[in-house]
Amino acid sequence: MSVPVRVRFAPSPTGYPHLGNIRTALFNWLFARHNNGVFILRIEDTDVARKVEGATEIIMESLQWLGLDWDEGPVFQSDRLDLYKMYARELVKEGRAYYCFCSPERLEVMRKEQMMRKQPPGYDRHCRDLTEQQVDSLMTEGKVPVVRFKSPLKGQTVVTDLIRGEVVFENSTLDDFVLLKSDGYPTYHLANIVDDHYMNISHVLRAEEWLSSTPRHVLLYSALGWQPPQFAHLPMILGPDKSKLSKRHSATAINEYQNQGYLPEAMVNFLTLLGWSLDDKTEIMSREEIIKNFSIERVSRTAAVFNVAKLEWMNGMYIRALNVEDFAKRSLPFVEQGLPPGIKRPVDTDYLRLIAPLVQERARTLAEVPQLVDFFFVNELQYDSEMLMGKLDKGQAVSILSQTIDTLKKLDAWETESMEEAVRPLVAESGLKAGPFFGVIRVAVTGRTASPPLFQTMEVLGRERSMQRLGAALSRFIS
RNA sequence: GGCGCAUUCGUCUAGGGGUUUAGGACGCUGCCCUCUCAAGGCAGAGAUCACCGGUUCGAAUCCGGUAUGCGCUACCA
């Protein structure tokens, strides 16, 4: 019988979660779902100074956007301060921790000196051996202490990591870290251990940056007489400069990707592949496939650089896989937002549905859709006559336009096929290649040199608008 | 400075002693398709598997050292 899997995502509420946080959440969620376990959301709001109002809501929205549903929580550490205090006191009582009255100023000076002497910085254990009387008198003076853990001076602590194996730390390199701050809040180390224990967390999946503090956690578990969970330290996600992803890098927050028109399912697929792989070739996988196959054994040990270009490609794959209806629906908010202000809102959704199939395979993100479709909406096309002529001369352009207008005018049905049937012969007669010939019409109708297929575009645009645009182009040359 | 982790094409990765002339993907280049742009198809360039030693009949794969990168080194998480 193995322990039931219970994992948690435990961000601190400091703003939009960035890609690294989200990847951690994702792996925890995948691990829980694969093992029919429980995924818990816990908010680590023990740093009053860094706490940002509304951040919890933002975190929850981000998880929801990606479809990472949690089974318990959100649990707030700030609601459980008494619990942490209780264990801090207990540890002091048992001689496993002590009160420290050193001022921030003293600590600062101490650190500077250590740095200057090229010594490893760390608390010098000044208060470690205060007598009970000394503590009492400092207390009555009104001094507010922190509680520090009494790290063993010698011996080793072994961390067993599911991804990295056994990692051995010399206890002499561990300092007496703070458990309870002077404002009564616990540090991460204390709160984390107490909560993981109380919530019966079975596996701690977190970023590699935590590996160095894990021996402290192991020591704490043992001091409290608790069984530690299993640890798995996930490889970090790096910026293009190979340093830890942070605000210095562009677009690190998850909401930026939402705003840029990335699909959550593409995001999930892509992030899954940052540090995990199924085999030597499978890349596009449904959520179900990923859940079915996810395992810690296949998590890589090496940090991964976040590569937007590949995300773009994958997002394009997902966009093309959408059914047209869905694509139109998901594009709508981006179109509403991205079309020039002069165009009437709300945007005609039936019209957009007709346009959608013409641009779906041309968009890599939903945010690109407005630029792809705007000529369907604007009243007056902006382009210069040079563009209209392309490599042809004025006479040729005039002839192409007038012949096309005459031909289309006689057409009964304004449909892609009949238009093409009627216009194609003109190309042959002109002695030109189809490219340049259609190029003139394309610019006349769309105002650009690259567009969806011409006749399909004209069909959707409608007879009236198409003819009007062709006429407008012709009148540039004949006034 | 100390401690820890890591090191396979530019990037994400497969590989876990012989099946490897190191596979796939993104990106890049070329060709095909083609009314343009995409999409799609095909092809190509791109990795002395960080380096040096060792183990072994045989090493990208195991061991040691070195180098480099990154992380931690707070009353932040």
Side-chain angles (χ1 to χ4, degrees), chain A residues 10-12 14 21 44-47 49-50 100 102-104 107-108 111 114-115 117-123 144-148 159 161 163-164 167-170 172-175 177-183 185-189 191-192 206-215 233 235-236 238 240 242-244 270 273-284 298 300-314 316-317 320 359-364 372 390 420 423-424 427 433-443 446 448-455:
Chain A
S12 49
T14 54
N21 302 140
E44 309 224 323
D45 54 349
T46 58
D47 186 351
R50 287 207 312 158
C100 166
C102 294
S103 67
L107 295 174
E108 186 58 32
R111 254 192 298 276
Q114 285 167 333
M115 299 286 255
R117 279 179 295 166
K118 301 212 169 185
Q119 304 241 300
Y123 181 57
V144 185
V146 301
V147 175
R148 285 184 184 272
V159 172
D161 185 276
I163 294 168
R164 284 152 225 283
V167 185
V168 181
F169 295 84
E170 291 294 330
S172 58
T173 64
L174 272 22
D175 72 346
F177 56 98
V178 172
L179 296 173
L180 200 67
K181 305 180 231 179
S182 54
D183 62 1
Y185 277 72
T187 59
Y188 172 87
H189 306 298
N192 201 259
R206 56 173 25 162
E208 196 198 327
E209 55 194 297
W210 291 106
L211 184 56
S212 305
S213 39
T214 308
H233 287 91
M236 305 230 292
L238 273 23
K242 301 207 171 198
S243 71
K244 182 177 164 180
F270 183 77
L273 259 13
L274 240 40
W276 182 85
S277 63
L278 173 59
D279 54 30
D280 58 342
K281 43 181 72 74
T282 315
E283 296 208 301
I284 304 284
R298 290 200 62 84
S300 115
R301 282 158 296 124
T302 66
V305 172
F306 179 76
N307 180 200
V308 202
K310 188 157 182 173
L311 205 214
E312 267 183 26
W313 161 78
M314 189 172 277
M317 296 288 283
R320 273 169 257 132
V359 298
Q360 184 168 7
E361 70 177 23
R362 291 171 173 75
R364 283 174 309 173
L372 253 20
E420 180 148 15
V423 177
R424 280 284 177 188
V427 178
K433 290 200 168 185
F437 189 102
F438 287 132
V440 175
I441 308 174
R442 184 187 319 284
V443 173
T446 69
R448 51 185 66 179
T449 53
S451 79
L454 190 52
F455 298 108

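Naming convention: chains lettered A, B, ... in sequence-line order (proteins, then strands); numbering from 1 in each chain. Predicted model only: the values in this text are computed from it and were never measured. All heavy atoms count here, side chains included; hydrogens, waters and symmetry mates do not.
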**Study point:** A:Lys433 vs A:Phe438, side-chain contact (heavy atoms from CB on, under 4.5 Å): CA-CA, chis, key distance, verdict
**Key:** CA-CA 9 Å; A:Lys433 290 200 168 185; A:Phe438 287 132; over 6 Å; no
With a non-hydrogen cut-off below 4.0 angstrom, is [X] in contact with a base, only sugar-phosphate, or nothing?
{"X": "A:Arg111", "answer": "sugar-phosphate"}
{"X": "A:Thr46", "answer": "sugar-phosphate"}
{"X": "A:Cys102", "answer": "base"}
{"X": "A:Pro186", "answer": "sugar-phosphate"}
{"X": "A:Leu274", "answer": "sugar-phosphate"}
{"X": "A:Phe169", "answer": "sugar-phosphate"}
{"X": "A:Gly316", "answer": "nothing"}
{"X": "A:Val178", "answer": "sugar-phosphate"}
{"X": "A:Arg320", "answer": "sugar-phosphate"}

Nearest-Å distance once atom [atom1] is located in both [N] and [M]:
{"N": "B:G15", "M": "B:A60", "atom1": "C1'", "answer": "8 Å"}
{"N": "B:C5", "M": "B:G10", "atom1": "P", "answer": "27 Å"}
{"N": "B:G23", "M": "B:C49", "atom1": "P", "answer": "13 Å"}
{"N": "B:G16", "M": "B:A22", "atom1": "P", "answer": "15 Å"}
{"N": "B:A47", "M": "B:C9", "atom1": "P", "answer": "9 Å"}
{"N": "B:G27", "M": "B:G65", "atom1": "P", "answer": "42 Å"}
{"N": "B:A59", "M": "B:G54", "atom1": "C1'", "answer": "12 Å"}

Rounded off to whole Å, could you give me the [atom1]-to-[atom2] distance for the [X] and [N] pair?
{"X": "A:Leu179", "N": "B:A74", "atom1": "CG", "atom2": "P", "result": "15 Å"}
{"X": "A:Arg50", "N": "B:A77", "atom1": "CZ", "atom2": "P", "result": "7 Å"}
{"X": "A:Ile163", "N": "B:G4", "atom1": "CD1", "atom2": "C1'", "result": "15 Å"}
{"X": "A:Tyr123", "N": "B:C75", "atom1": "OH", "atom2": "C1'", "result": "12 Å"}
{"X": "A:Leu278", "N": "B:G15", "atom1": "CG", "atom2": "P", "result": "10 Å"}
{"X": "A:Leu107", "N": "B:C76", "atom1": "CG", "atom2": "P", "result": "11 Å"}
{"X": "A:Leu372", "N": "B:A38", "atom1": "CG", "atom2": "P", "result": "11 Å"}
{"X": "A:Gln114", "N": "B:G1", "atom1": "CD", "atom2": "P", "result": "16 Å"}

Does any nucleotide pair with [N] by Watson-Crick or G-U wobble geometry, both distances under 3.5 Å, and what is it?
{"N": "B:U61", "result": "none"}
{"N": "B:U21", "result": "none"}
{"N": "B:G1", "result": "B:U73"}
{"N": "B:A45", "result": "none"}
{"N": "B:C26", "result": "B:G10"}
{"N": "B:U55", "result": "none"}
{"N": "B:C33", "result": "none"}

Holding to salt bridge (charged side-chain N to carboxylate O under 4.0 Å, His left out), I want the full list of residues that pass it with [X], two or more places apart in sequence or in another chain.
{"X": "A:Arg301", "value": "none"}
{"X": "A:Glu361", "value": "none"}
{"X": "A:Lys181", "value": "none"}

Check your understanding: Quick one: does A:Lys310's side chain get under 4.5 Å of A:Leu274's, heavy atoms only?
Key ->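 Counting from C-beta outward, A:Lys310 and A:Leu274 never come under 4.5 Å.
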Practice item. Check whether any side-chain heavy atom of A:Pro235 lies under 4.5 Å from a side-chain heavy atom of A:Thr302, and answer yes or no. Key: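 Heavy-atom side-chain distance check fails, nothing below 4.5 Å.
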Qualifying residues under side chain to side chain contact (heavy atoms under 4.5 Å, CB included), relative to [X], sequence neighbours excluded:
{"X": "A:Phe177", "answer": "A:Phe149, A:Ser151, A:Asp175, A:Leu179, A:His189, A:Arg216, A:Leu220"}
{"X": "A:Asp280", "answer": "none"}
{"X": "A:Thr173", "answer": "A:Glu170"}
{"X": "A:Met115", "answer": "A:Pro121"}

Practice item. Looking only at side-chain atoms of A:Thr173, point me to the closest of B:A39, B:G4, B:G2. Key: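 The listed nucleotide nearest to A:Thr173's side chain is B:G2.
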Exercise for review: Among B:C75, B:U13, B:A39, find the nucleotide with the atom closest to the side chain of A:Ser182.
Suggested key: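 That would be B:C75.
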Each nucleotide N or O in nucleotides 71-73 of chain B that has a protein N or O under 3.5 Å away: list the pair and distance.
residue : atom : partner  : partner atom : Å
B:G71   : OP1  : A:Lys244 : N            : 3.2
B:G71   : N2   : A:Ser212 : OG           : 3.3
B:C72   : OP1  : A:Lys244 : NZ           : 2.7
B:U73   : O2'  : A:Pro121 : O            : 3.3

**Study point:** Distance-minimising heavy-atom pair for A:Ile163 and A:His233
**Key:**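 Nearest heavy atoms, A:Ile163 then A:His233: CD1-O, 3.4 Å.
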**Study point:** Base-contact (B) and sugar-phosphate-only (S) positions in nucleotides 30-36 of chain B, heavy-atom cut-off under 4.0 Å, - elsewhere
**Key:** -----BB
Polar atom pairs (N or O), protein with nucleotides 16-27 of chain B, under 3.5 Å:
residue : atom : partner  : partner atom : Å
B:G23   : N2   : A:Asp280 : O            : 3.1
B:A25   : O4'  : A:Glu283 : OE1          : 3.4
B:A25   : O2'  : A:Glu283 : OE1          : 2.3
B:A25   : O2'  : A:Lys310 : NZ           : 3.4
B:A25   : N3   : A:Lys310 : NZ           : 3.0
B:C26   : O2'  : A:Lys310 : N            : 3.3

Point to revise | Derivation of the side-chain contact (heavy atoms from CB on, under 4.5 Å) call for A:Thr46 and A:Thr187 | key: CA-CA 7 Å; A:Thr46 58; A:Thr187 59; over 6 Å; no
Review point. Between A:Arg50 and A:Thr14, do the side chains contain an N or O donor and an N or O acceptor separated by less than 3.5 Å?
Key: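 Looking only at side-chain atoms, A:Thr14 and A:Arg50 do not form any donor-acceptor pair under 3.5 Å.
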Check your understanding: Considering residues at least two apart in sequence or located in another chain, which fulfil the ring pair (Phe, Tyr, Trp, His ring centres under 6.0 Å) criterion with A:Phe270?
Key ->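 Scan of A:Phe270 (ring pair (Phe, Tyr, Trp, His ring centres under 6.0 Å), adjacent residues dropped) gives A:Phe306.
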Check your understanding: Which residues satisfy the ring pair (Phe, Tyr, Trp, His ring centres under 6.0 Å) test with A:Tyr188, sequence neighbours excluded?
Key ->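 Per chain and number, A:Tyr188 pairs via ring pair (Phe, Tyr, Trp, His ring centres under 6.0 Å) with A:Trp210, A:His217.
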Exercise for review: Could you pick out which residue, A:Ala363 or A:Arg164, lies toward the 5' side of RNA chain B when each is mapped onto its nearest nucleotide?
Suggested key: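 Result: A:Arg164.
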